[in-house]
Amino acid sequence: MIEEIILAKCCEAVQHLYGQEVSPGSIGMEKTKKEITGDFTIVVFSLLKISRKSPEDTAMEIGDYLKNNIPEIAEFNVIKGFLNLVLSDRFWGDFLSREGTRTGYGFRENRHEAPVVLEYSSPNTNKPLHLGHIRNNLLGFSLAEILKANGHDVVKVNLVNDRGIHICKSMLAYMNWGDGETPQSTGMKGDHLIGKYYVLFDKKYKEEIRELVATGMTAEDAEKKAPLILEAQDILRRWEARDEAVVSLWKTMNGWAYEGFDQTYLRLGVDFDKVYHESETYLLGKQLVMDGLKSGALVGKEDGSVWADLREEGLDEKLLLRSDGTSVYMTQDLGTAELRNDDFHPSAMIYVVGNEQNYHFDVLKRVLLKLGKDFAANIHHLSYGMVELPMGKMKSREGTVVDADDLMDEMFATAETTTRELGKADELSQPEANKLFNTIGLGALKYFILKVDPKKNMLFDPAESIDFNGNTGPFIQYTYARIQSLLARAGGAGYDWKSRRADLLNPLLPLEKETIKRLFLFEEAVVVAGKEMNPSVIANYVYDLAKVYNQFYQELPVLKEENVEKALLRLAVTSMAGEVIRRSMKLLGIEVPARM
RNA sequence: GGUCCCGUAGCUCAGUUGGAUAGAGCAACAGCCUUCUAAGCUGUGGGUCGCGCGUUCGAAUCGCGCCGGGAUCACCA
């Protein structure tokens, strides 16, 4: 890579000029700011102690050395302590002809190492998916694509939370007031039908609490003593005892939820290689804890409960087994982590889970290490922020959620309206038009979510529909469609930019070079996105590329260019831009239309 | 209260291994379609980077202290 060459030669320059060795890492190099002439900039302030000269002189001397020793450097300029290096047009031309038509550009070859296990989605079967899940699903799917592009094998797993008190609440409400409704009889999607009863339970439960409080009970007691919650707990006990009626209803209702989820996943374009169910894994981890107790890694208390003492690490004591010997959430996660390790022997395990569980995952990792499970060192929590509404946090129980299916419907409808207003659906058949509306609507939604740094909370205002102009998915899709249209015309006109390389008889114009430079940065964006587990790196990259390409497109004629060499060069740039946009969007799980 | 995260333009967001004059989009205003798709392009206005102190040749970026917002700290999951 050219960056490494420059850094290495820079060290050589310092050695040669000032007789002192420096490491490449100690030299500051960055991309030159766009208002300033140059491609890479070396900041020489840190070298002044060695050179014992002014910033300007130091930069000049190093610049001279680099220019004489690196053929790719055409010229340089110095502003204060900044040495701006200009690479030759030949360098950019070589890059374009070497990588422009290579199918694997930007992606690493598969390394054939142990896979990365990536858990995401992990829904509860008591309610439908909402906007928070959408963020989770999109992040998880995109991260899997990014890791694959970095040469990793990825196993996408989903751990479905299909048991527990919250499921029993939906079941109880259905038993009491369901009246035998089914998805078929109501025409409702299964997960939505179940969600309806979850909300209903909460409503009735709150009524009971109010009544109890009115009789003089404290709110806290009322929450524990309300008949409905006692009944729900009883159902949980019967479920654990394999009571036939309860298990049968549980299976039926979970089946409805799965049918609903499958539809939503399919539409959202996400999938999984393996699905775990908590009903099958919730008893795991107990043995792990007992072993830890025996070895002395964990502590038992008089009442029989078992704890991990993390006070030395700055955390608290954490309960792992209750005094009655039953498990808690953490116990189960310890067990599933080990199960997953045994199943895949992965090089890393990534959990895409909201930042409200930061503490949980911190503890999970520490306890596993305490238990001597070295694989825990390779556990990563991709912690993402909440999606907030203008009125605050979403709450399923209170029905203040943006439903995933509804939102996708709205995006489709907006895409249809906008496209028809622009008259762009006129020549399409109905199926073609629907496919396009879906591509654009989902593209807008996915990009809206993924362009934001995962770790930050983000705001979604349902009153304002997601934009299709500016820094948006449709903007990028549009750029791609425009490129395809141009390339199709060029092919028809007999231009052969793939096999015939432009000769660069003319110097590159600024916009030509700017666009090629963005294309050059794709490889780095993929690496950084993978290393930081951050799809927004790709989203911001591809926006920047599309923006620069649009300037190029607006300012420079391609097919209208009379100089054939120029036309071929611009077609090569155009073609590569289209391909890199497509590949970038693929990393985000966003489709790109041939026309729109 | 302890721990962690966040605070950048009216709004939504970029920008941190410390670098040059802090950037986009939306919204507002003014231009550009007889020429490759105007979901586009160009321009104008808009900032004490929450506040203060410190480290440094240099701080949105690092440290300390405040202010404001959020999460978490259950024999819940």
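Below, chain A is the first sequence line, B the second, and so on; all start at residue 1.
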Chemist: Could you run through nucleotides 1-9 of chain B and give me one letter per nucleotide, 5' to 3': B if any protein heavy atom sits under 4.0 Å from the base, S if only the sugar-phosphate is that close, - if neither?
Modeler: -----SS--

Chemist: Whenever both distances are under 3.5 Å in a Watson-Crick or G-U wobble pair, mark it; put RNA chain B into dot-bracket that way, with [ ] for crossing pairs and | when the partner is on another strand.
Modeler: (((((((..((((.....[...)))).(((((.......))))).....(((((..]....))))))))))))....

Chemist: Whether A/K33 contacts B/rU21 is assessed here as follows: a side-chain N or O lying under 4.0 Å from the phosphate OP1 or OP2. Is that the case?
Modeler: no

Chemist: Going by the rule side-chain contact (heavy atoms from CB on, under 4.5 Å), which residues pair with A/E220 if we only count those two or more places apart in sequence or in a different chain?
Modeler: A/T218, A/K224

Chemist: Tell me which nucleotide among B/rC26, B/rA24, B/rG19 gets nearest to the side chain of A/Y543.
Modeler: B/rA24

Chemist: Check the interface with nucleotides 41-46 of chain B: list each N/O to N/O pair with the protein under 3.5 Å, or write none.
Modeler:
unit_1: B/rC41; atom_1: O4'; unit_2: A/Q554; atom_2: OE1; d: 3.2
unit_1: B/rU42; atom_1: OP1; unit_2: A/Q551; atom_2: NE2; d: 3.3

Chemist: Taking 5.5 Å and 30° as the limits, would you call A/F45 and the base of B/rG58 a stacked pair?
Modeler: no

Chemist: So, does the side chain of A/N84 form a donor-acceptor pair with the base of B/rA20 at under 3.5 Å?
Modeler: yes

Chemist: Please pick, from B/rA39, B/rA14, B/rA20, the nucleotide with the shortest atom-to-atom distance to any side-chain atom of A/D453.
Modeler: B/rA14

Chemist: Of the nucleotides B/rA77, B/rU72, B/rC13, which one has an atom closest to the side chain of A/E356?
Modeler: B/rU72

Chemist: With ring-ring contact (aromatic ring centres under 6.0 Å, His included) as the rule and sequence neighbours excluded, what pairs involving residues 473-492 of chain A come up?
Modeler: A/F475-A/Y543

Chemist: May I have the list of side-chain donor-acceptor pairs in residues 440-449 of chain A shorter than 3.5 Å, sequence neighbours left out?
Modeler:
unit_1: A/K446; atom_1: NZ; unit_2: A/L268; atom_2: O; d: 2.9
unit_1: A/K446; atom_1: NZ; unit_2: A/G589; atom_2: O; d: 2.7
unit_1: A/Y447; atom_1: OH; unit_2: A/N471; atom_2: OD1; d: 2.6
unit_1: A/Y447; atom_1: OH; unit_2: A/A539; atom_2: O; d: 3.2

Chemist: Looking at the side chain of A/S305, which of B/rC75, B/rA20, B/rU37 is the nearest nucleotide?
Modeler: B/rC75

